[in-house]
Structure formats: C-alpha cells, structure tokens
**Q** 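Can you read through this structure? Questions will come right after.
Letters go in sequence order (proteins before strands), and every chain restarts at 1.
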Number of protein chains: 2
Amino acid sequence: MADQKKMVEDITSMEVDFAQWYTDVVKKAELVDYGSVRGCMVIRPYGYAIWENIQHILDGMFKATGHQNVYMPMLIPESLLQKEKDHVEGFAPEVAWVTMGGEEKLEERLCVRPTSETLFCEHYAHIIHSYRDLPKLYNQWCSVMRWEKTTRPFLRSAEFLWQEGHTMHETAEEAIAETEKMLGIYADFCEQYLAIPVVRGKKTDKEKFAGAEATYTIEAMMHDGKSLQSGTSHYFGDGFAKAFDIQFTGRNNTLQYPHQTSWGMSTRIIGAIIMTHGDDNGLVLPPAVAPVQVEIVPIAQHKEGVSEKALELRDRLKASFRCDVDLSDNTPGWKFAQYEMKGVPLRLEIGPKDIAQNQCVLVRRDTREKTFVPLENLEAEIGRLLTAIRDNLYEKALANREAHTYTAHSMEEMKKVADEHTGFYKTMWCGDLECELRMKDEIGVTSRCMPLQQEDLGKTCVCCGKPAKHSIIWGKAY
Amino acid sequence: MADQKKMVEDITSMEVDFAQWYTDVVKKAELVDYGSVRGCMVIRPYGYAIWENIQHILDGMFKATGHQNVYMPMLIPESLLQKEKDHVEGFAPEVAWVTMGGEEKLEERLCVRPTSETLFCEHYAHIIHSYRDLPKLYNQWCSVMRWEKTTRPFLRSAEFLWQEGHTMHETAEEAIAETEKMLGIYADFCEQYLAIPVVRGKKTDKEKFAGAEATYTIEAMMHDGKSLQSGTSHYFGDGFAKAFDIQFTGRNNTLQYPHQTSWGMSTRIIGAIIMTHGDDNGLVLPPAVAPVQVEIVPIAQHKEGVSEKALELRDRLKASFRCDVDLSDNTPGWKFAQYEMKGVPLRLEIGPKDIAQNQCVLVRRDTREKTFVPLENLEAEIGRLLTAIRDNLYEKALANREAHTYTAHSMEEMKKVADEHTGFYKTMWCGDLECELRMKDEIGVTSRCMPLQQEDLGKTCVCCGKPAKHSIIWGKAY
C-alpha cells in the first residue's frame with residue numbers, strides 16, 4: 001500500500017487548496033498537457049476519450065431530434081463579424097486575428113471563430129428562400145478560440161472544443177420552443193449521463209449572450225460550492241436575420257425574417273465532471289463517459305493461470321463494457337491507486353483464490369465497497385453496480401448542492417451568508433441592472449440564473465427593497 | 001420525365017467540361033457552399049454526412065490497430081515551427097499568421113496549423129522518457145489551413161478537415177513497419193469501402209513531405225485520367241526527435257532518439273469519390289459511406305395506403321440500412337432525378353400495384369437496373385445489391401485505370417502518349433532529380449509514385465537513357 005499512499009500524496013487535498021487539487025488531478029490523471037501557446041491545451045488520450053464519449057451521446061440526442069451536422073470555416077472576415085452590432089461588441093475584444101497569409105498582408109483581417117453565428121447566417125442567407133426551407137436544424141463540432149487573460153484547463157482556455165447548434169425557424173414560437181428543447185437535452189444529458197444535477201434557468205440581460213434576445217442556461221454546483229455554467233441555449237429573435245438579410249417567402253406569400261437559436265456545450269463540461277465528483281484520490285468518472293468502465297487487476301499475476309484468466313475476462317466483458325486489463329509489472333497497490341486516480345468506476349480483482357472459487361472481486365470507485373461476485377453473474381452485477389454508481393454520484397452531488405444553497409432576503413443577510421459560505425444564494429430581484437451590479441461590487445457574486453421553476457421567497461428585491469419580479473440565484477462562478 | 005431531364009440539364013456533361021461538371025455536382029448535390037473567406041468552404045449536411053461515415057470507418061480501423069485520439073492546439077508559435085529546418089521551409093510560405101490577440105499585438109506570431117508534427121513533438125518531449133513509454137500511437141481529427149492560391153472544393157482548399165496520425169517508436173524498423181501498415185489501412189479503406197482502386201507507392205525525394213525521410217502514398221486515377229494523391233504516410237527517422245530533443249532511456253540503459261511517423265487522409269478523399277464514380281446524372285456514392293443507402297420513393301402516394309406502406313418500409317429498413325423516404329409533393333420524376341444527383345445507391349419504388357403484389361422495385365444508381373423484389377426478401381436483396389454496387393464501382397474504376405495506363409520507354413514515346421492521352425504513364429527512371437524536372441518541364445507531368453510492386457519495363461531511364469533504378473508512374477495531378 002506504500003505505492004498507493006505515494007500517489008495520493010502527490011495530489012493536494014481538496015480541503016487544503018481546491019484549485020491546486022484540480023490542477024493536480026488533470027495532470028496526474030493524464031487528461032491534459034500544456035503547450036507553448038498560452039491558454040491552449042493538449043488534450044491527452046484519456047481526456048479526449050471522455051470527450052469522445054460525451055460527443056457520441058450528445059450527437060445521438062441531437063440527431064434523434066432532427067439535427068444535422070455541418071462544418072463552417074474557422075476564419076471570419078472582420079466585416080462579417082461586424083454585421084450584428086451587439087455581437088461584435090461582445091466578441092471583438094477577445095478574438096485572435098489572422099493578418100498575414102503566407103508572405104502577404106491580408107486586405108481584411110480574419111478572426112479565428114470565437115463562435116459561428118455570423119458564418120451560419122451568411123450560409124443561411126444563401127439557402128433559405130421559402131417557408132419550405134424551414135426549419136434548418138444545424139450543428140457543428142469544432143474548436144473555437146477566445147483570447148482569455150487567465151486560463152485553466154477545460155474551465156477557461158483560449159482554445160476549446162465544443163458543439164454549436166444554429167437553427168432557423170418560421171416563427172418566434174417555434175424558435176423559442178427549440179431553445180427550450182435544447183436546454184432540456186443539455187439538462188437531461190448532465191443529469192442522466194454525467195450524474196450532475198443542474199438548475200435550468202434564464203440569464204439576466206447583463207449575462208446573456210452577445211446579440212441574443214434571451215439566453216437559457218444550466219448551472220451546476222461544484223464540490224467547493226462555486227457555480228459552473230454548463231450549457232447555454234440562446235433565442236435570437238430575428239435580429240441576426242435582419243442584419244444578414246435572411247428572408248423567406250412565407251405561407252401568406254409575404255417576405256419574412258426567420259427566427260433563430262443557437263446552443264452550445266464545450267469541453268468545459270469535463271471540468272464540471274472533475275469538480276463535481278472528484279475526491280482526494282483523484283478523478284471519479286460517471287460510468288456513461290468513463291473511457292474505461294472496468295479495470296481488471298490480476299492479483300499474484302505470476303501464478304499459473306492468473307494472467308490468462310484476466311485476459312479471458314477482459315475479452316468476455318469487452319462485448320458489454322469498456323474494459324481494460326493491466327498486466328504490467330507494477331504492484332497491485334500501484335495499480336489500485338492509478339485507476340482510482342483515473343476515476344475508473346469499477347476495479348475487478350482476480351487472483352488464484354478467486355479463480356479456485358470461480359469468482360472475482362468488484363470494487364467501486366465511489367464508495368470503495370467490495371463485492372465478491374460469482375463469474376457466471378458478472379455482466380449483470382457490473383451493470384447493476386454501474387447504475388448504482390451513477391445514482392450515488394448524482395445523489396451525492398445533489399446533497400452537496402442542497403447543503404450549499406442559501407436564501408437571503410436583505411443585503412445584510414446576503415453579506416453574512418456569502419462571507420461564511422460558498423454556494424448558490426437564492427433571493428428575489430427587481431430585475432434592475434443597478435441591483436445586479438451592486439451584488440457584484442458589494443457581495444462579489446454574479447447572477448447565475450432566474451430558475452425556470454420560479455420560487456416565492458418574498459415580495460421585495462434583496463438589494464433595493466422595491467417590488468421583486470423574479471427569484472434568482474447568485475453565485476461565485478468558474 | 002421532364003423534371004428529370006431538367007435537373008440533368010443543369011449540370012455540365014463530363015465530356016464537355018470535366019472541371020465544370022465537378023463544380024456543378026458539388027453544388028447541385030448540396031455538398032458545399034462557398035463562404036466569404038477565399039478558399040474556405042462550408043460543408044453542408046449531405047457532404048458532412050459522407051465525411052462522418054468516412055471518419056467512423058477509419059477511426060475504427062485506427063483504434064483496432066491500437067491508436068488513440070488526442071487534440072493538439074490549433075496555433076503553432078513561429079519558433080516551434082522553425083525547429084525542424086526542412087519542415088519550416090516547406091510550410092512557412094503557405095500558412096495563415098495570427099499576429100493580434102484582442103487589441104494586443106503578439107510578441108511572437110502564431111500560425112494556424114498546416115499540420116501538427118511540431119506540436120506532437122513538443123508534447124512527446126514531455127511524456128517520452130523510457131522505452132516503456134513507447135510506442136506512442138496518437139491520431140487527431142481536426143481542421144488545418146494552408147494558404148493556397150487557387151482552390152477547389154474538397155480538392156484543394158485553404159482549410160480542410162483531416163486526420164493526422166503521429167507515432168513514436170523505439171526502433172527505425174518498427175517505425176517503418178508502422179508507416180507501411182498505415183498505408184495499407186488507407187489502401188484497404190479506399191478499395192474495400194470507397195471502391196477506389198489505388199496504387200501503393202513511394203514518393204520521390206522531390207515530392208516527399210517536408211522533413212520526412214520517406215513518404216508513402218496511395219494514388220488513384222480519376223475518371224478524366226488525372227491522378228489524385230489520396231492518402232500519405234511518412235517515415236521521419238529521428239530528425240524531428242533530434243530537433244525537438246526527444247530522448248528516452250533504452251533497454252540497454254543509454255539515451256536514444258525515438259523514430260517517428262505521421263500519416264493523413266483528408267476531405268480531399270470526397271473529391272476522389274466524386275471524380276472516380278460520378279456520371280452525367282450526378283454523384284454515385286459507394287454504399288459504405290453514402291449518407292442514404294436506400295431512398296424510398298412512393299408512386300401515386302395520394303392513393304390509399306401508399307404513404308403508410310412507404311413509412312412502414314422505412315421504419316423496417318432503418319434497422320439494417322441508412323434509409324430515407326421522400327413524401328414531399330414533388331413528382332416521382334423529380335425525386336428520381338434528385339436522388340440520382342445525390343448518388344443514393346438504391347432507389348426503392350413502391351406503388352399501389354406493388355403493394356397488391358406484396359413487392360417493391362429496387363433501382364440501382366450505378367447501372368439503373370430494376371429488380372422486382374418480394375417484400376419478405378427485402379433486406380437480403382438490398383444487402384446483395386449494395387455489395388454488387390460496390391463491386392461494380394470498383395471494377396469500373398479499375399477498368400478505367402487500366403484503359404488509361406500507358407508505358408513509355410523514351411521521351412519521344414512519352415511526349416506522344418501524354419499529348420494524346422491523360423492517364424498514368426509508366427516508365428523506368430534513373431532516380432535523378434534532373435530527369436524528374438525535365439519530365440515536368442518538357443512533358444508537363446509530375447512523378448506520382450514509385451510503386452511498391454516494382455515492374456521491369458526496361459533497363460534505362462525514360463529521360464536520360466542511363467541505367468534505371470526504379471519503375472515509376474507519372475501523371476497530371478489534382
């Protein structure tokens with residue numbers, strides 16, 4: 001067990017320094033490496049495999065709801081970015097500009113896409129002519145770039161991977177319904193597959209996306225009580241359509257502007273997985289996206305028949321699970337620590353005694369609970385345990401969120417609770433920007449969302465005391 | 001049939017103008033749209049779905065041979081690009097340079113990756129320390145950018161999508177074996193799945209990749225006799241490893257440099273599919289990558305039970321094939337032309353008479369052959385026909401290649417045959433750059449490859465008459 005202690009000692013405890021714990025885990029679990037461009041990360045095989053599993057599930061959900069994938073150029077001419085006024089104000093300060101092609105200075109600067117509304121609009125203007133061409137339900141998987149000052153792997157990086165859906169609809173109602181539907185898909189994905197409970201809500205005007213009429217969000221609480229915006233869905237009205245002159249002949253034979261949405265989820269969600277479920281032994285991965293769901297560790301593997309049995313089990317289990325076997329020379333203790341660090345949901349131990357009794361040992365990553373399982377029941381038992389792990393992770397995260405959710409009715413209460421605890425702070429709000437800015441200045445919190453399920457927490461705004469319009473959640477955000 | 005004629009008239013005939021035919025097909029089949037950045041294309045849903053199918057198959061082949069996916073940054077600092085002398089000479093003239101981040105001028109220019117050897121090397125220097133860390137078998141799916149002067153969709157574009165494998169090995173032998181293995185995977189993929197026959201060969205020094213010791217290639221012949229380099233695999237020796245200071249402790253406890261490969265296939269291969277199999281009615285897609293393998297067209301669809309039967313068949317066939325049904329108001333004639341344009345391998349027609357006889361009609365895209373099929377045999381018959389289509393496409397392409405392959409023994413013969421025919425020109429070659437340059441200047445052909453299966457076509461170089469070292473294929477290339 002010396003090896004195991006050694007490895008655990010290599011990472012900082014969450015309680016001592018959560019930020020350092022995070023950095024240690026992403027390095028030790030071999031999720032990322034740093035490259036030489038500030039804020040750009042190398043996503044290593046184990047990290048990328050998590051993203052591939054996320055992609056696979058989400059892409060299936062998108063296609064099942066009628067969406068199609070496309071690919072837009074990675075560069076946007078400055079004049080195109082400038083077509084929608086709010087949008088360019090929001091993004092121009094944080095883009096990377098291409099100014100040279102080979103030896104030649106370009107006549108017009110091109111930015112590396114920070115998001116692709118403008119490109120989709122340009123294309124939609126070419127292909128949307130009649131109501132028969134609607135809806136257009138497009139999505140793309142790509143990388144985008146935002147020139148951030150301070151960066152952290154997955155959470156905030158100059159370049160990140162994401163998907164961006166961009167849709168066009170005949171009516172405002174249909175577009176709003178799409179915006180809500182995609183938020184629902186994100187929420188279901190987080191809760192069912194990632195075991196991350198989320199609050200579904202609407203952003204304030206201050207926090208909404210540059211150019212959007214309304215931004216919907218799912219907000220998750222990390223283990224340290226801070227908030228992470230985990231997916232967003234925007235309703236644009238016909239603002240971009242007007243800016244880009246996208247018109248179609250409607251059913252009544254008049255020219256109309258279509259109504260637009262966009263929605264995105266990024267590699268940031270891997271940061272959410274780490275900070276929601278991880279512990280002092282490293283990553284804890286939800287089974288649905290774990291690159292390896294079952295790691296087989298042979299015990300006394302030099303003894304006759306052990307390696308063979310381990311390989312046989314691997315081959316058998318591969319049909320049903322993502323399964324791997326470690327036959328390296330490292331000690332079992334080292335291997336236990338290694339696969340705990342990597343957050344593998346289940347460890348399967350098999351040694352000579354187990355073989356004699358036609359059984360093996362399954363050890364859960366989340367609870368460390370051990371079960372002796374007859375080999376004939378193995379698939380069923382693994383299936384049951386993986387489901388139990390997902391359920392337990394979800395319940396734990398929900399309990400953490402509930403334990404760190406506070407309600408305040410006045411600025412005094414807000415100050416006190418925000419000084420003492422990090423979490424979601426629920427209050428009523430009048431809807432004025434001024435109060436939102438005061439919350440930031442005086443308390444150091446930002447609005448996370450106005451939950452879709454509004455609560456009646458009182459009649460007056462926590463800040464100004466005037467009549468309240470919304471219940472709202474504030475937090476300290478990643 | 002008026003509609004059908006109309007649509008076909010919209011595209012230029014191959015015989016009249018092959019280049020215009022190509023452009024017409026990519027537009028009319030809705031594969032791409034042009035954006036506002038010169039040389040960057042929008043890949044539309046139908047085009048992107050072909051790429052997704054290609055990705056799915058290739059990725060499976062890569063993973064089955066032990067490769068893992070990663071993601072590297074899209075930007076490369078100029079100093080990093082410059083580390084390997086030949087490499088920077090090859091690529092610096094054709095990259096896009098980022099010089100501004102937000103409002104700030106960058107201290108060092110960053111190029112948008114034209115290829116990622118330098119980034120992989122930087123990462124490998126961090127993670128390769130011992131022979132136990134080898135081999136590293138990484139691949140990435142991404143977009144790259146090369147600032148080309150003249151561009152054509154898929155064939156040559158400023159930005160394109162590809163995969164790039166980058167591997168590191170303990171010995172030269174192992175790296176060379178990997179280079180050859182990956183060439184074999186590309187060749188098998190093209191021949192088995194895309195029905196495109198390829199010649200496997202080695203590039204001349206002049207044509208090899210910037211920084212490589214050896215470049216292997218698969219070369220395909222398009223319908224017009226011109227050549228298309230369809231996939232390449234490079235052996236680097238330890239040149240990059242030395243430039244990037246990647247060293248490992250070997251089995252004998254000395255420090256050694258690892259041996260490296262890279263290999264790539266891009267969206268260019270979609271251009272190869274179009275130009276190998278297409279005809280004057282539009283695209284002809286190999287079934288393995290066709291977004292829709294069977295398009296169901298109801299006949300007299302307003303008659304009772306027809307639409308229902310078409311939908312029922314769609315639902316039934318979806319379990320086994322990529323299948324779609326067109327219930328739009330367009331005429332059957334319009335639909336026939338539309339799905340021929342889109343290259344759907346099989347059209348399934350079903351009307352009242354067919355329903356009465358419990359049968360349907362299957363029409364092959366490649367031969368237009370019609371078969372009446374009892375509904376109970378449908379899956380088996382579709383499976384059989386899809387295989388037959390692949391086989392027929394392959395045989396036709398091979399026959400075209402054989403019909404357009406010429407042998408020459410002297411410059412006089414070369415001149416004559418190249419004036420009269422476009423195709424593969426097989427000759428012997430002394431191996432000197434001077435002769436290669438003369439072939440370009442005097443005949444207007446470039447070396448495609450020295451086939452791995454060398455032929456004895458004579459004893460002397462076609463150009464200088466000195467003793468020959470290799471059999472070689474020349475061509476006019478895309």
**Q** Against chain B, label A:Asp59 side chain, backbone, both or neither, depending on which of its atoms sit under 4.5 Å from a heavy atom there.
**A**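 The side chain, not the backbone.
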**Q** Given that the side chain runs from C-beta out, which part of A:Leu119 has a heavy atom under 4.5 Å from chain B: side chain, backbone, both or neither?
**A**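 Nothing of A:Leu119, per the 4.5 Å heavy-atom cut-off to chain B.
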**Q** Check for me whether the distance between the ring centres of A:Phe240 and A:Tyr124 falls short of 6.0 Å.
**A** no
**Q** Is it the backbone or the side chain of A:Met74 that comes under 4.5 Å from a heavy atom of chain B, or both, or neither?
**A**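 Contact with chain B involves both backbone and side-chain atoms of A:Met74.
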**Q** Of the backbone (N, CA, C, O) and the side chain (C-beta and beyond), which part of A:Arg132 lies under 4.5 Å from a heavy atom of chain B, both, or neither?
**A**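 A:Arg132 has no heavy atom closer than 4.5 Å to chain B.
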**Q** A:Ala92 versus chain B, heavy atoms under 4.5 Å apart: side chain, backbone, both or neither?
**A** backbone
**Q** Using heavy-atom distances under 4.5 Å, tell me whether A:Glu104 contacts chain B through its side chain, its backbone, both, or neither.
**A** side chain
**Q** Does atom NE2 (A:His129) have a neighbourhood of more than 12 heavy atoms from anything else shown, all under 6.0 Å?
**A** yes
**Q** Please state whether the side chain, the backbone, both or neither of A:Lys105 comes within less than 4.5 Å of a heavy atom of chain B.
**A** neither
**Q** Is A:Leu80 close to chain B through its backbone or its side chain, or both, or neither, when contacts mean heavy atoms under 4.5 Å?
**A** side chain
**Q** Side chain, backbone, both or neither: which part of A:Glu52 has an atom under 4.5 Å from a heavy atom of chain B?
**A** side chain
**Q** Evaluate the ring planes of A:His166 and A:Phe120, with Trp represented by its six-membered ring, and classify them as parallel (under 30°), tilted (30 to 60°) or perpendicular (over 60°).
**A** parallel
**Q** Pick whichever of B:Val37, B:Val112, B:Asp33 has the most heavy-atom pairs under 4.5 Å with chain A.
**A** B:Asp33
**Q** What part of A:Val95 gets within 4.5 angstrom of chain B, counting heavy atoms only: side chain, backbone, both, or neither?
**A** backbone
